[in-house]
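One structure below.
All residue numbers in this chain count up from 1 along the given sequence.
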Amino acid sequence: MTGGFNDAGGFMLTKDQPPPAPALHNDDPWHALLIGRGRRLDDTTLTELFLGIVTNRQSHAPELANILVNRFGSFAAILSASEQELSGIENIGTHVIPAIRLLQGAALRYNRARMDQADVLSDEPKLLDYLTARLSRENIEQFRILFLRENRTLLADEAQARGTVNHTPVYPREVARRAMELGAQILVLVHNHPSGDPTPSEADLQMTRQVQAAVALIGVEIADHIIIGNGRHTSFKALDIL
């Protein structure tokens, strides 16, 4: 049991529940930081605040924040880190990893919502933020497709295949079939390189040409093929491959 009502009718938490987060009152310096300068905080300070709220151990937060930022490089990279990577951090505690997963899920939904009614291809940094959050720290290859309408707004973002550490099987006819089902006019192909190096392989080039030929038969255009690495990416359009 994780909680129950006492004789007076009040609800009491048992020891296996996380401690309550500290209230952020107007005279609390953390409140001033979050409300007044939230968007301008550096990654270490933002991580420290997050950890302090999640664990209610403000004295422990600065040290752990420095460890996490030094290990992963940024607050965004911390959110994208795998459970295995995070669990290897000493003294991370039992509540931090679930909180990171929750925040990552919220961030993905937020970034996805930002793209739903917008021209996906008009804001490359926003698109790359979204794709990086999804794929940059995957430890196996994943092939995704952004299906776009004629006006380049997002119809769907779907994972088509998951492979091994260095190969993902892609079936061009299946890509074409799915594009027809959704009524997509434009596609953005996306996959990750778990090695961290986004340089296209010969297999990547061949697969792109095969998918391009398959969807061309139904009048669908491939706008780009983006490879996500660790802090880097490659755009086939920028390389003039497409």
Side-chain angles (χ1 to χ4, degrees), residues 72-74 76-77 79-82 84-85 104 107-108 111-112 114-115 118-150 152-180 182 184-242:
F72 298 107
S74 69
L79 296 186
S80 299
S82 69
Q84 182 178 6
E85 290 174 313
Q104 182 199 29
L108 287 172
N111 284 331
R112 165 63 192 268
R114 291 173 66 204
M115 296 199 304
D119 179 339
V120 169
L121 302 177
S122 67
D123 191 337
E124 183 179 6
K126 183 167 68 176
L127 175 60
L128 289 173
D129 282 348
Y130 174 71
L131 297 176
T132 298
R134 274 210 173 275
L135 292 172
S136 66
R137 302 195 74 85
E138 286 277 342
N139 56 13
I140 63 173
E141 278 201 11
Q142 182 181 136
F143 179 70
R144 304 188 70 89
I145 302 177
L146 305 185
F147 296 90
L148 310 182
R149 301 178 179 87
E150 187 175 5
R152 309 200 303 184
T153 56
L154 187 65
L155 268 170
D157 164 23
E158 296 182 352
Q160 297 297 300
R162 292 171 65 88
T164 64
V165 294
N166 58 11
H167 174 69
T168 303
V170 178
Y171 304 100
R173 286 183 297 180
E174 289 300 307
V175 175
R177 180 188 63 79
R178 186 60 178 151
M180 290 182 64
L182 293 171
Q185 297 296 309
I186 303 169
L187 307 181
V188 177
L189 310 181
V190 188
H191 81 279
N192 62 306
H193 279 181
S195 67
D197 180 1
T199 303
S201 66
E202 183 58 35
D204 293 334
L205 297 172
Q206 290 180 4
M207 179 268 287
T208 303
R209 297 187 190 106
Q210 291 167 0
V211 174
Q212 188 176 34
V215 301
L217 296 174
I218 58 171
V220 173
E221 169 196 354
I222 296 180
D224 205 349
H225 184 170
I226 299 172
I227 301 176
I228 301 295
N230 187 7
R232 296 184 292 158
H233 77 280
T234 294
S235 161
F236 281 34
K237 182 180 179 181
L239 294 177
D240 206 23
I241 297 174
L242 286 171

Considering non-hydrogen atoms only, spot the tightest contact between [X] and [Y] and give its length.
X      : Y      : result
Asp119 : Ser122 : O-OG, 2.8 Å
Ile218 : Ala179 : CD1-CB, 4.3 Å
Asn192 : Glu141 : O-CG, 3.3 Å
Leu146 : Leu154 : CB-CD1, 4.1 Å
Ala176 : Val215 : CA-CG1, 4.1 Å
His233 : Ser235 : CD2-N, 4.2 Å

Determine whether Ile226 and Leu128 make a side-chain contact, defined as any pair of heavy atoms from C-beta on separated by less than 4.5 Å. yes

Tell me whether [X] contacts the main-chain N or O of [Y] through its side chain, where contact means a donor paired with an acceptor under 3.5 Å.
X      : Y      : value
Thr234 : Ile227 : no
Thr153 : Arg149 : no
Asp204 : Ser201 : yes

Would Val170 and Val211 count as a side-chain contact (heavy atoms from CB on, under 4.5 Å) here? Give the steps. CA-CA 8 Å; Val170 178; Val211 174; 4.0 Å; yes

To the nearest 0.5 Å, tell me how far [X] [atom1] sits from [Y] [atom2].
X      : Y      : atom1 : atom2 : result
Arg209 : Ile222 : CZ    : CD1   : 12.0 Å
Arg144 : Ile228 : CZ    : CD1   : 11.5 Å
Gln185 : Glu221 : CD    : CD    : 9.5 Å
Glu150 : Leu155 : CD    : CG    : 11.5 Å
Leu205 : Gln210 : CG    : CD    : 11.0 Å
Arg177 : Leu182 : CZ    : CG    : 9.5 Å

Would Leu121 and Leu148 count as a side-chain contact (heavy atoms from CB on, under 4.5 Å) here? Give the steps. CA-CA 10 Å; Leu121 302 177; Leu148 310 182; 4.1 Å; yes

How about CD on Gln84, more than 12 heavy atoms from neighbouring residues, nucleotides or ligands closer than 6.0 Å, or not? no

Among Val120, Asp157, Leu135, side chain to side chain contact (heavy atoms under 4.5 Å, CB included) partner for Tyr130: Asp157

Mind telling me whether His225 and Phe143 have parallel, tilted or perpendicular rings, with 30° and 60° as the class edges? perpendicular

Taking atom types as modelled and ignoring hydrogens, do the side chains of Asp197 and Thr199 form a donor-acceptor contact shorter than 3.5 angstrom? yes

